[in-house]
There are 2 protein chains.
Amino acid sequence: MTQSQADDLSKSLKAIADPARLRLISIIAASEGQEACVCDLTEPLNIGQPTVSHHLKVLTEAGFVTRSKRGTWAYYKLVPGALDSLARLLVTA
Amino acid sequence: MTQSQADDLSKSLKAIADPARLRLISIIAASEGQEACVCDLTEPLNIGQPTVSHHLKVLTEAGFVTRSKRGTWAYYKLVPGALDSLARLLVTA
DNA sequence: CGCCTATATCGATGAATGTCAATGTTCGAT
DNA sequence: ATCGAACATTGACATTCATCGATATAGGCG
């Protein structure tokens, strides 16, 4: 594995290597259409709303979720296959 | 996913979410018997020997490699299936 | 327009982390 | 016993990061 490959893979791993972000992914994955509103994510995690917003931004920039605003609400949806392809990279490593 | 499950999974992910540690795993995995001596790991990574030692300790404590000393040399070996079971946890998340 | 609600951004702070230089430890060889 | 080689540990430093409070933005409603 080259240095830049290792850099890329570690960036993806760092993005999900956080308890709060793992739980966010878990909740979104269990939601209808694998999509959830921020209001459904703030309460069950015991962390403040700005922190949730921050974690969702990290996950979005890493390509694990996408954001779509409908009215006042922001909905985050899992990117299909993103987690699977990361898992495949792991066993190939 | 519960809080403690998320904590455990994030600890495993943090252990490999580092370019140097990913390259260490990659080199060990490509070695004969999936085992390599520290002397074979220090040079190709462009980081100092104490740092390599530190990374190997992190990987050992996370259960990805095991250490066995033979003479003056320390050999690190991949734990079979460790990466695979982590990858499986990811797609189930 | 003005208020309220939902979400994002900013700035700060404390904790964790990667790296190094220096030193310690262990083992083989002379 | 002594020396050198291989590896680990320690202490320090700079950077990154998770979290929070305060504030900004943006949309719906009266």
Side-chain angles (χ1 to χ4, degrees), chain A residues 1 3-28 31 35-62 64-77, chain B residues 1 3-28 31 35-62 64-77:
Chain A
M1 170 158 29
Q3 179 67 46
S4 65
Q5 284 175 327
D7 285 341
D8 290 347
L9 184 48
S10 79
K11 277 183 190 173
S12 294
L13 289 171
K14 277 179 198 293
I16 60 171
D18 179 272
R21 292 199 282 271
L22 286 173
R23 296 193 68 195
L24 285 173
I25 288 180
S26 170
I27 296 176
I28 297 175
S31 303
E35 189 181 46
C37 160
V38 177
C39 52
D40 297 327
L41 301 171
T42 307
E43 184 212 355
L45 257 70
N46 266 357
I47 55 180
Q49 172 265 320
T51 306
V52 171
S53 212
H54 161 69
H55 286 310
L56 288 169
K57 186 178 185 179
V58 172
L59 288 175
T60 304
E61 288 174 345
F64 291 106
V65 300
T66 54
R67 193 179 96 107
S68 67
K69 201 165 182 182
R70 293 204 286 276
T72 317
W73 293 272
Y75 288 84
Y76 284 85
K77 185 176 181 179
Chain B
M1 170 157 29
Q3 179 68 46
S4 65
Q5 285 175 327
D7 285 340
D8 290 347
L9 183 49
S10 79
K11 276 182 190 172
S12 294
L13 289 170
K14 276 180 199 294
I16 60 171
D18 178 273
R21 292 198 283 270
L22 286 173
R23 296 192 69 193
L24 285 174
I25 288 180
S26 170
I27 296 176
I28 296 175
S31 302
E35 189 181 46
C37 161
V38 177
C39 53
D40 297 326
L41 301 170
T42 307
E43 183 212 358
L45 257 71
N46 265 358
I47 55 181
Q49 173 266 319
T51 306
V52 171
S53 211
H54 162 69
H55 287 311
L56 288 170
K57 186 178 186 179
V58 172
L59 289 175
T60 303
E61 288 174 345
F64 291 106
V65 300
T66 54
R67 191 180 98 107
S68 69
K69 202 166 182 182
R70 294 204 285 277
T72 318
W73 293 271
Y75 288 84
Y76 285 86
K77 184 176 181 181

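Every chain is numbered from 1, with letters handed out A, B, ... down the list of sequences. This is a predicted model, so every value here is computed, not measured.
Atom CG of B:L59 is separated from atom P of C:dG18 by 10 Å (rounded to the nearest Å). When the P atom of C:dA6 is taken as reference, atom CG of A:D40 falls 11 Å away, rounded to whole Å. If you measure from atom NZ of B:K57 to atom C1' of D:dT10, you get 10 Å, rounded to the nearest angstrom. When the P atom of C:dA16 is taken as reference, atom CG of B:D18 falls 18 Å away, rounded to whole Å. For the pair A:E43 CD and C:dA6 C1', the computed distance is 15 Å after rounding to whole Å. When the P atom of D:dC17 is taken as reference, atom NZ of B:K14 falls 10 Å away, rounded to whole Å. Taking atom OH on A:Y76 and atom C1' on C:dT7, their separation rounds to 8 Å, with Å as the unit. What separates CD of A:E61 from P of D:dC17 is a distance of 12 Å, to the nearest Å.
Counting any heavy atom pair closer than 4.0 Å across all strands shown, B:Y75 reaches no nucleic acid atom.
Between the side chain of B:T60 and the backbone N or O of B:L56, at least one donor-acceptor pair lies under 3.5 Å. Side-chain N or O atoms of A:R67 include none that pairs as donor or acceptor with a backbone N or O of A:A74 at under 3.5 Å.
Under 4.0 angstrom from either OP1 or OP2 of D:dA18 there lies at least one side-chain N or O belonging to A:H54. In terms of phosphate contacts, B:T51 brings no side-chain nitrogen or oxygen within less than 4.0 Å of OP1 or OP2 of C:dT19. Applying the 4.0 Å criterion to OP1 and OP2 of C:dT19, one finds that B:H55 has a side-chain N or O inside that range. Phosphate proximity of C:dA8 to A:R67: present, with a side-chain N or O under 4.0 Å from OP1 or OP2.
Considering only side-chain atoms of A:C37, the nucleotide from C:dT7, D:dC20, D:dC17 that sits closest is C:dT7. Side-chain proximity of A:R21 to D:dA18, C:dG18, C:dT19: nearest is D:dA18.
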Heavy-atom contacts, protein to nucleotides 22-30 of chain D, under 4.0 Å, summarised as B (base), S (sugar-phosphate only) or - (none) per nt, yield B----SS--
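With a 4.5 Å cut-off on side-chain heavy atoms, B:L22 and A:L13 count as touching. In this structure, the side chains of A:E35 and A:S68 come closer than 4.5 Å at one or more pairs of heavy atoms.
We find the CD1-CG distance between A:I27 and A:L41 to be 6.0 Å, quoted to the nearest 0.5 Å. Expressed to the nearest 0.5 Å, how far CG of A:D7 lies from CZ of B:R23 amounts to 9.0 Å. Atom CG of A:L24 is separated from atom OG1 of A:T42 by 9.0 Å, given to the nearest 0.5 angstrom.
When the nearest nucleotides of DNA chain D are assigned to B:T42 and A:A17 by heavy-atom distance, the more 5′-ward of the two goes with B:T42.
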